[in-house]
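Numbered from 1 within each chain, the chains take letters A, B, ... in sequence-line order.
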Amino acid sequence: MAETNGNNLISLQNLKVHFDLGGGGILDKITGGSKVRRVVKAVDGVSLDIKKGETLGLVGESGCGKSTLGKAILRLTEPTDGQVFYQGKDLAHLSQNQMREERKNLQMIFQDPYASLNPRMTVGQIIGEPIRTFSLENGGNVEEIVKDLMETVGMSRRFIKRYPHEFSGGQRQRIGIARALAVEPEFIVADEPISALDVSIQAQIMNLMEKLQAEKHLTYLFISHDLRAVRHLSDRVAVMYLGKIVELADGKEVYSDPLMPYTKALISAVPVPDPEIEAKRTRIILTGDVPSPINPPAGCNFHTRCPYAIEDCKRQEPQLAETKPNHFAACIRINSEFPYIEENEKNGLGAVGN
Amino acid sequence: METNGTILSVKDLKTYFQTEDGVVKAVDGISFELKKGETIGIVGESGSGKSVTNLSIMRLIPEPPGKIVNGDIIFNGIDICKLSIEDVRKIRGKRIAMIFQDPMTSLNPFLKISTQLMEVTQLHLGHTKEQAYQHAIKMLKTVGIPDAESRINGYPHEFSGGMRQRVMIAMALSCQPELLIADEPTTALDVTIQAQILELIKNLKAEFGASVILITHDLGVVAGMSEKIIVMYAGKVFETAPTAELFATPANPYTKGLLKSVPDPAHEAGTELYQIPGLPPDVAHLPPGCPFAERCERVREICVQEFPPFVQINENHYSLCHFAKEVYAESVAERENKNER
């Protein structure tokens with residue numbers, strides 16, 4: 001069995017999170033419910049290594065399962081199957097009590113800074129809570145630590161007695177980050193930490209996250225639908241579509257040399273703040289929406305929207321394979337010998353089997 | 001009409017809100033003109049007054065606490081501010097239409113799509129039920145909803161976010177409006193869907209010949225969509241210029257900061273991102289000087305004391321800054337350096 005080796009902090013093996021919506025039972029037939037059992041495959045067999053000290057970016061459209069994947073690592077959502085290795089332990093199969101202990105090392109920053117802070121607690125209580133919960137310090141010292149933390153995330157120490165509603169979105173996100181840092185974790189899942197913020201504030205929070213990473217040797221899983229932000233922060237980027245990782249490579253390479261048709265479309269859809277580039281570039285506009293994860297299409301999940309889809313794509317499920325050195329892609333029309341789908345299309349190459 | 005191709009002209013618009021905290025000058029002296037078939041982009045952070053500007057044009061400011069205290073909004077020769085509410089209703093939805101940010105909250109969840117779409121043309125164009133129904137199907141097809149004949153009988157929750165936004169656009173365009181106001185039309189959507197919707201707005205604009213006001217916080221969105229741009233901050237126009245000029249040679253420190261703080265995937269990453277320090281100001285308690293002064297990297301004594309002038313840089317390029325000319329000269333120099341390299 002694959003264990004976490006020296007370089008990997010977290011290693012996911014075939015992780016699955018399925019949500020059972022019911023249906024298909026005897027009662028459903030009588031009451032007119034769904035005739036077939038309906039299961040949402042939010043995360044469907046993800047294997048992924050997160051290296052110590054890196055920022056792994058996870059991008060995808062809404063509903064692709066990226067948040068669920070982040071939560072499943074921390075067991076905020078129970079995984080259905082698969083393993084999450086951390087320090088030689090399988091987090092997915094720990095008891096609740098054991099898992100609680102592990103959360104000292106694994107923390108999360110949430111998307112909505114308005115919803116993730118208790119409005120009835122002061123900033124001091126919010127940031128101090130994890131310290132008290134894990135009894136990391138005794139009472140008297142907590143306030144000092146909290147004040148230091150506030151300073152670390154760029155807030156004034158004087159605000160310790162204030163309530164969340166007295167702060168702006170960006171300030172609240174800083175509180176959320178300070179809370180995550182309170183237990184001195186090794187690994188932080190940042191789930192869309194900047195999506196709800198103003199442009200000028202987004203840059204502040206991204207810079208703060210980078211500064212903290214350098215100071216405290218943190219490892220991030222940075223989940224976002226904003227490709228510009230992901231590109232800026234991440235060492236490696238994983239692209240997710242309907243519960244599966246479809247491409248994984250160095251941040252630079254994903255953008256300069258994307259292999260998957262889906263990744264290409266995603267990148268070309270990002271508006272560039274430069275009218276000259278905007279006027280010149282050609283957009284690949286995907287038709288249609290993300291298909292429902294309840295009944296994902298057979299074969300390759302993306303074939304319903306892919307401009308290069310062929311008959312085989314409807315039947316054959318592609319596997320994530322190393323198509324170029326350290327660049328993984330899941331498409332049956334490309335392989336290490338023929339990595340470029342446009343050329344394969346031109347040369348009349350069908351499925352080359354990845 | 002005596003409009004010289006100008007469809008909308010807003011002059012010195014001021015919309016204030018009476019709050020417990022004092023008077024909030026949400027929009028404080030905005031002027032702009034929009035020509036027929038033109039798209040103008042209004043960019044700003046939350047609280048900058050961009051949405052209030054457009055609610056004012058539609059006369060949708062809740063009163064009290066809000067009030068348009070000054071200014072003219074001339075739409076095709078009609079001063080909207082002076083109309084009675086009944087007359088405004090005849091224009092609203094028919095000649096000026098609006099698309100909102102969140103398509104889920106702006107559609108009625110209890111009514112079928114057909115009912116909501118038919119209502120517009122029955123009211124404004126006097127369609128019979130049958131005509132309205134056929135027209136609604138036609139509109140849904142125009143905005144690219146597949147299988148429109150059967151989808152029209154669905155409810156909003158049966159549509160995805162992108163599809164709901166298409167329904168909103170279909171509704172907005174039902175009466176062939178002369179002016180379309182799109183308030184953050186793609187903010188709630190995924191990038192791939194955003195690209196679809198922007199493309200759709202572009203095509204429909206060409207087809208229907210409508211003018212568009214596009215409000216967004218995303219400079220990338222306006223870069224490809226609009227002919228000119230207004231940058232708003234604290235209820236004021238900080239800079240306005242033709243799109244290409246604004247991006248190439250901004251003459252306002254705030255605009256420059258905004259442009260620099262967006263990570264650009266087309267260029268090399270890795271270096272620290274430029275950040276504008278501080279927070280957007282509290283519009284209820286604005287300082288006497290420049291509202292951006294405390295966040296500005298080139299702040300001088302005068303910025304704190306005196307309100308900055310609205311300096312003309314070029315024919316259609318204005319900037320609200322004491323040092324607008326200097327900032328512009330810097331941008332031009334930077335541009336030339338970049339081009340040499």
Side-chain angles (χ1 to χ4, degrees), chain A residues 59-64 154 167-171 195 197-208 210-211 225-235 251-252 254-256 262 265-279 281 283-290 292 305, chain B residues 43-48 144 146 159-163 186 188-196 198-199 216-226 242-248 254 257-280 282 295:
Chain A
V59 285
E61 293 173 271
S62 43
C64 75
F167 294 95
S168 65
Q171 295 285 73
S195 309
L197 307 175
D198 270 320
V199 189
S200 72
I201 308 300
Q202 288 186 352
Q204 291 178 4
I205 296 294
M206 280 194 269
N207 284 341
L208 174 66
E210 282 192 316
K211 186 192 98 175
H225 68 274
D226 185 341
L227 284 106
R228 293 180 292 203
V230 168
R231 156 83 207 246
H232 182 77
L233 276 181
S234 309
D235 302 306
K252 235 192 230 168
V254 165
Y255 288 90
S256 61
Y262 177 61
L266 263 189
I267 291 170
S268 90
V270 178
V272 179
D274 185 334
E276 283 172 29
I277 297 178
E278 274 290 311
R281 72 199 195 125
R283 278 227 170 105
I284 309 167
I285 293 191
L286 288 179
T287 49
D289 292 315
V290 185
S292 159
R305 299 168 84 191
Chain B
V43 186
E45 297 180 82
S46 42
S48 63
F159 290 73
S160 66
M163 283 294 157
T186 58
L189 306 174
D190 279 313
V191 276
T192 55
I193 310 297
Q194 166 169 294
Q196 290 176 6
L198 292 178
E199 195 69 18
T216 176
H217 65 272
D218 191 334
L219 284 159
V221 169
V222 281
M225 292 287 291
S226 62
T243 304
E245 191 172 329
L246 185 106
F247 279 94
Y254 177 59
L258 270 189
L259 284 170
K260 271 195 280 179
S261 63
V262 181
D264 183 353
H267 297 134
E268 194 54 39
T271 46
E272 196 188 1
L273 199 57
Y274 177 81
Q275 67 179 50
I276 302 175
L279 302 171
D282 175 1
R295 303 178 73 188

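- Between Arg231(A) and Val270(A) there is no side-chain heavy-atom pair separated by less than 4.5 Å.
- Contacts between Tyr254(B) and chain A at a heavy-atom distance below 4.5 Å are absent for every atom of the residue.
- Nearest heavy atom pair, residue Gln204(A) against residue Pro277(B), reads NE2-C, 3.4 Å.
- Proximity to chain B is limited to the side chain of Gln171(A), based on heavy atoms less than 4.5 angstrom apart.
- Of the listed residues (Leu258(B), Ile276(B), Val222(B)), the one with the most heavy-atom contacts under 4.5 Å to chain A is Ile276(B).
- Partners of Ala203(A) according to the side chain to side chain contact (heavy atoms under 4.5 Å, CB included) rule, which considers only residues two or more places apart in sequence or in another chain, are Ser261(B), Leu273(B), Gln275(B).
- Interface check for chain A: of the options Gln196(B), Met163(B), His217(B), the most heavy-atom pairs under 4.5 Å are formed by Gln196(B).
- How far CG of Leu233(A) is from CG of Asn207(A): 8.5 Å, rounded to the nearest 0.5 Å.
- Note on Ile201(A), Asp235(A), Asp226(A), Val199(A): by heavy-atom pairs under 4.5 Å with chain B, the leading option is Val199(A).
- Between Met225(B) and Thr216(B), the closest side-chain pair of non-hydrogen atoms is not below 4.5 Å.
- Separation of atoms CG (Leu197(A)) and CD1 (Ile205(A)) is listed at 6.0 Å; rounding is to 0.5 Å.
- If you measure heavy-atom distances from Gln194(B) to chain A, the contacts under 4.5 Å come from the side chain alone.
- The residue among Ala269(A), Pro275(A), Gly170(A) with the most heavy atom pairs within less than 4.5 Å of chain B is Pro275(A).
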